[in-house]
Number of protein chains: 2
Amino acid sequence: MAERKPRKDAARNRAAVLAAADDLFASREGAEEVTMADIAAAAGVGKGTLFRAFGDRVGLIRALYQARLEPFGKAVETGPPPLGPDTPPLQRLPAVLDALLCFKLDNRQLALALEGAGSGSPYQAGHYEQWHTLLRTVLEGVPGFADGGADAGFAAHVLLAATRADLVEHLAGQEGATREELRAGLAAFTARVLGGA
Amino acid sequence: MAERKPRKDAARNRAAVLAAADDLFASREGAEEVTMADIAAAAGVGKGTLFRAFGDRVGLIRALYQARLEPFGKAVETGPPPLGPDTPPLQRLPAVLDALLCFKLDNRQLALALEGAGSGSPYQAGHYEQWHTLLRTVLEGVPGFADGGADAGFAAHVLLAATRADLVEHLAGQEGATREELRAGLAAFTARVLGGA
DNA sequence: CTACAATACGGACCCGGGGTCCGCTTCGCA
DNA sequence: TGCGAAGCGGACCCCGGGTCCGTATTGTAG
């Protein structure tokens, strides 16, 4: 695993592509309007370069997404309350969900592109497993959650589904819901799910 | 709105296409493996015919889906309890959700194809609005549901998200959950959401 | 400074799938 | 039985993801 360091031009081009792609995804309405050729052109680079650097479309999108997600991911994994692991489950769950929702809102196009990438479902494209495991674990830590016969794994799936990019897009876009309305709605729903505990 | 009746051969071909498509979607694993040309060939028909009859890929899939969905739709709209409108909300909601889940399970490929059709989200492809309105209305009819500040519209979205085809596919496919496990999970979750009422 | 691998570049090219077009066929009404 | 209209079908177009390979750059060894 020596991870031979890449050549200078390769690194520069990789960065250029990332930047260009970021711009394009942000500017163009609709995630799928952006073509690989567009990105290559915008980055002043040949298509071959682009594919060598990222493998395929999904790889590129994933790289972008990961970059954006990283600070948030760290905050949840090792940060301070209310997101970090030292938070009591009852506070942590709504906090994480709210943060996740905000993240999706702030990165609509990108999230949409990623979740619609791997044969059209986020269950293969993203780091879905990690989030699910986290939520399930937190739920299981909620005192008395399992008492009603509730399945933490299933509940975690549903709560994640509540923050899916296309749902968020639908609510914020077609239905014209504001950011705060969405957050309030999710918070109320989460509270209700936790309520029986 | 005279709806001039179609010619005999047109009707026959339409039916043949529908049948062929149904077979193909059922037999082939993976919904997107089925190409329009495949369907046309299997139906013994030219591509032109196929597109004339259904407009485009989504149109065809929607037609198939609608045909499958019709009995279920009727049962919910005008049928007897526990699905029909005469059912008290507290029983009707879980019943409808369970039926919806079963429907998705029984029509995995098709539902997957449809929900992944209209630019990748079910919010434009299916009859999403109708289901959402129904669920929201039922939820609003649950005595005391809104007391906790819960938003029936949002809750309806989330509950629908719990029966999305790709989630169901993920759970039943990758995670190997059985039909009964899924139904139990959904029922428990639904109960919890209603629980505070 | 030069030579020479190794690595990267880039755009012409390929391929597969959705959707269209138009000359020919079939239908069905009088 | 004739004749418009409706329908047919498959060759064709387009577009986008992904590949290939001759050429250019890099960086290291001498």
Side-chain angles (χ1 to χ4, degrees), chain A residues 2-21 24-25 28-64 109 112-114 116-120 124-125, chain B residues 2-21 24-25 28-64 109 112-114 116-120 124-125:
Chain A
E3 281 289 329
R4 255 199 332 262
K5 55 188 153 193
R7 247 167 57 173
K8 208 168 30 180
D9 52 351
R12 177 169 37 79
N13 280 331
R14 183 187 170 90
V17 168
L18 240 36
L24 285 183
F25 276 121
R28 298 265 240 281
E29 291 306 312
E32 313 306 332
E33 303 306 311
V34 183
T35 190
M36 292 292 109
D38 288 345
I39 297 176
V45 148
K47 283 178 66 179
T49 302
L50 189 156
F51 279 97
R52 179 145 358 76
F54 298 97
D56 60 4
R57 179 169 238 263
V58 183
L60 169 54
I61 295 176
R62 191 172 324 195
L64 270 175
Q109 311 297 341
L112 219 42
L114 180 65
S119 60
Q124 323 181 26
Chain B
E3 282 290 329
R4 254 196 338 256
K5 55 189 154 194
R7 247 166 59 172
K8 207 167 33 179
D9 52 350
R12 177 169 36 78
N13 280 330
R14 183 186 170 91
V17 167
L18 240 37
L24 285 183
F25 277 121
R28 298 264 240 284
E29 290 306 314
E32 314 306 334
E33 304 305 311
V34 183
T35 191
M36 292 291 111
D38 289 344
I39 297 175
V45 149
K47 285 178 64 179
T49 302
L50 189 157
F51 279 97
R52 177 184 337 286
F54 298 97
D56 60 6
R57 180 170 238 264
V58 183
L60 170 55
I61 296 176
R62 190 172 325 194
L64 269 175
Q109 310 297 341
L112 219 42
L114 180 66
S119 60
Q124 323 182 27

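As the structure is a prediction and not an experimental result, all values here were calculated from the model. Order of the sequence lines sets the chain letters (A, B, ...), proteins ahead of strands, with each chain counted from 1.
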Open item on the list: Tell me if the side-chain of A:Arg7 makes a donor-acceptor pair with the base of C:dA8, cut-off 3.5 Å, by modelled atom types.
Closed with: no
- [ ] Answer yes or no: does a side-chain N or O of B:Asn13 lie under 4.0 Å from OP1 or OP2 of D:dG7?
- [x] no
TODO: Return no unless some side-chain N or O of A:Thr35 is found under 4.0 Å from OP1 or OP2 of D:dC15.
DONE: no
Open item on the list: Could you tell me how far apart A:Lys5 (NZ) and D:dT26 (P) are, to the nearest whole angstrom?
Closed with: 16 Å
Considering only distance and modelled atom types, tabulate donor-acceptor pairs under 3.5 Å from the side chains of residues 37-60 of chain B, sequence neighbours left out.
unit_1: B:Asp38; atom_1: OD2; unit_2: B:Arg28; atom_2: NH2; d: 2.7
unit_1: B:Asp38; atom_1: OD2; unit_2: B:Thr35; atom_2: N; d: 3.2
unit_1: B:Asp56; atom_1: OD1; unit_2: B:Val58; atom_2: N; d: 3.4
unit_1: B:Asp56; atom_1: OD1; unit_2: B:Gly59; atom_2: N; d: 2.9
unit_1: B:Arg57; atom_1: NH1; unit_2: B:Glu32; atom_2: OE1; d: 3.2
unit_1: B:Arg57; atom_1: NH2; unit_2: B:Val34; atom_2: O; d: 2.3

TODO: Measure from NZ on B:Lys8 to P on D:dC8 and round the result to the nearest Å.
DONE: 13 Å
Task: B:Phe51 CZ - D:dC14 C1' separation (whole Å) - done: 13 Å
TODO: Take A:Arg52 and A:Glu33, find for each the nucleotide of DNA chain D with the closest heavy atom, and name the residue whose nucleotide sits nearer the 5' end.
DONE: A:Glu33
Open item on the list: Distance check needed: C:dG17 P versus B:Asp38 CG, whole Å only.
Closed with: 7 Å
Open item on the list: In this structure, how many angstroms lie between the P atom of D:dG17 and the CZ atom of A:Arg57, rounded?
Closed with: 5 Å
Open item on the list: Using a 4.0 Å cut-off on heavy atoms, which residues in residues 40-50 of chain B reach DNA chain D? List them by number, or say none.
Closed with: B:Val45, B:Gly46, B:Lys47, B:Gly48, B:Thr49
Task: Comparing A:Ala11 and B:Val34 on DNA chain C - which has the more 5′ nearest nucleotide - done: A:Ala11
